[in-house]
Amino acid sequence: MMVDFLSHPPLLLFHLLSLSLIACVVLWVLKNLTGTWATRVANYPPGSRGIPWIGETLAFVAANNGSKGFYDFVATRHIRYGNCFKTSIHGETHVFVSSIEAAGAILNCDSIDFSKRYIRSIAELLGDHSLLCASHEQHKLIRRRISNLFTVDSMASSINMFDELTIKTLCSWKQKGNVVVFNEALKATFTAICKMVISLEEEDKLEMLRKDVFEARRRIDDSLRKIIASRRKGLERHEDFLQCFLVRDESLHDDPWTDAQILDNILTLIIAGQITTASAIAWMVKYLDENQEVQERLRALHLDLALKLSHFPLGLEALNEMPYACKIVKESLRMATIVSWFPRVALKDCQIGGFQIKKGWIVNVDARSIHYDPTVYDDPIKFNPSRFDEDPKLYSFLAFGTGGRTCLGMNLAKAMMLVFLHRLVITFRWKVTDPDSSLEKWAMFPRLRSGCPIHVTGVGAECKLP
Ligand code: HEM
């Protein structure tokens, strides 16, 4: 018997819905089958595309919410699929690669096959003129302009200034006894970078800026614009980055920067430098607590060095006397891998590590996997600064990236870590009071949720305030 659907609208609707559902399922199965077939034929990287439209976004979000941090999402897939795999997050195809050859190839050919990928929220925070978000040509100009400012002289005065700041910080620890390293280091790195870039010294203004950095771009714009205006009128003059941004850089033959360009790049330097360095310091303190023999060896070396160093505050030449501390800094950066992966967009179809990559895919160089690869680093989970007695293999140490996007603050960050380490070991012994290694949820960089709380006891050397 034929059913007259037209005379039964609910029945018609039911059948139409059922048919659409079946069609969706068939299409999905076909798409996956052809996808798998295409993957085999074209040799795309292995990996799951997850469920239709959503991909593996939910698993990525869950990892961000978990105690092991967002990297856990990558780590589990790295174990499952190997050195190159693909996934789909927020509607985009992401490929993760973790061989040193692929890292070198991708990071050294910025603009030819790959270009830097930035996250929209970062662009909103830093602004379109930021070095991190500018187009390739613009990036080259901005980068040269900023890198010209990291001179030997500016580094030397920044080290002096950071030493004074560190001593002040550590002196305050004497009264407190218990401190959270990340919070203390964040204040110190933020203050140092603000002094270097805009000569901001007043505690209340620094505190206000620090609170606004991630939350109130409008308020930050207002305060920075006031500072820029006062400099343009000649009401103030300082030896800092801002003063250099205000004049034309003769060596580059480019136009003087607008207020917007100056503002976005000042903010970029402040944001790129403070949390990264503060997290690295907190991890280093934790690793040294877990490795007492390394800590004691370092302390012995540095108590001797402190007797020899007649000049105060510490300068560039003093840092050259700290080879073992340098290795501790490197080993801490390897193990912490503050920037876990570096995203790039494929500008055309290409091959990476024998796999086919399609134009538009986001290829992430997985620095953390490289840092923990047992074929690259012997016993990688062991904190062993002496592994850096020899230079690491090319592209195997990626704490600051490599190629045209290498960290501009690399030497400054290493210097701040060294100064902090020197003053810390000659002033205190410490005990981490909360050994929990859980990571902060949704943090931009992997950092300890506890912030690394410690209890300090003096080792006898006196804190000298300038
Ligand atoms: C331990 C601390 C730090 C770590 C681990 C670190 C790591 C990195 C890494 C891995 C990159 C390259 C990302 C990529 O290729 O996609 C980078 C870029 C950058 N870093 Fe750092 N950084 C640190 C401290 C600093 C400091 C102190 C400053 C400045 C005050 C700074 C300024 C920058 C800038 C401006 C860039 C962008 C360079 C460009 O795109 O041309 N960083 N950083």
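When a ligand or atom number is given, it counts from 1 through the structure's own listing order. Note that this is a predicted model, so its numbers are computed, not measured. Atoms considered below: every heavy atom in the structure, side chains included; atoms not considered: hydrogens, waters and symmetry mates.
Salt bridge present: E184 and K176 bring a charged side-chain N and a carboxylate O closer than 4.0 Å. A salt bridge is defined here as a Lys NZ or Arg NE, NH1 or NH2 lying under 4.0 Å from an Asp or Glu carboxylate O, and E290 with K286 meets this definition. Note on R231 versus D240: salt bridge recorded, some NZ/NE/NH1/NH2 to OD/OE distance being below 4.0 Å. A salt bridge links E296 to R429: at least one charged side-chain nitrogen sits closer than 4.0 Å to a carboxylate oxygen.
Taking any N or O of T268, backbone or side chain, none lies under 3.5 Å from an N or O belonging to ligand 1. Distances between N or O atoms of T277 and those of ligand 1 include no value under 3.5 Å.
In this structure, R387 forms no cation-pi arrangement with Y377, as its terminal cationic atom is not both closer than 6.0 Å to the ring centre and no more than 45° off the ring axis. A cation-pi contact, defined as under 6.0 Å to the ring centre and within 45° of the axis, links R334 to Y372.
The backbone N or O of S130 sits nowhere less than 3.5 Å from a side-chain atom of T268 that would complete a donor-acceptor pair.
Crowding of R232 atom CZ: a count of heavy atoms from other residues, nucleotides or ligands under 6.0 Å exceeding 12.
For ligand 1, the atoms lying closer than 4.0 Å to a non-hydrogen atom of H139 are 39 (C), 40 (O), 41 (O). Interface of A399 with ligand 1, defined as ligand atoms under 4.0 Å from a residue heavy atom, comprises 5 (C), 7 (C), 10 (C).
Proximity of R143 to ligand 1, defined as any heavy-atom pair under 4.0 Å, is confined to the side chain (atoms from C-beta onward). Residue contacts with ligand 1, taken as heavy atom pairs separated by less than 4.0 Å, involve L132 solely via side-chain atoms from C-beta onward. When heavy-atom distances to ligand 1 are checked against a 4.0 Å cut-off, R344 comes that close only through its side chain, counted from C-beta outward. Using a 4.0 Å cut-off between heavy atoms, S279 makes no contact with ligand 1 at all. Proximity of Q274 to ligand 1, defined as any heavy-atom pair under 4.0 Å, is not found for any part of the residue.
Excluding waters, the count of protein N/O/S atoms less than 2.8 Å from atom 21 (Fe) of ligand 1 comes to 1.
Donor-acceptor pairing under 3.5 Å is recorded for the side chains of S369 and Y71. Using a 3.5 Å distance cut-off with no hydrogens or angles, the side chains of S438 and D436 do pair a donor with an acceptor.
Nearest protein heavy-atom neighbour of atom 12 (C) of ligand 1: R405 O, 3.4 Å. Looking only at heavy atoms of the protein, atom 30 (C) of ligand 1 is closest to L269 O, 3.7 Å. Scanning the protein heavy atoms around atom 35 (C) of ligand 1, the nearest turns out to be L131 CD2, 3.4 Å.
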Step-by-step side chain to side chain contact (heavy atoms under 4.5 Å, CB included) determination, I228 to L246: CA-CA 8 Å; I228 297 171; L246 290 169; 4.1 Å; yes
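Ring pair F241/F245 is perpendicular by interplanar angle, where above 60° counts as perpendicular and below 30° as parallel.
Using 4.0 Å as the threshold, K116 has a heavy atom nearer than that to some atom of ligand 1.
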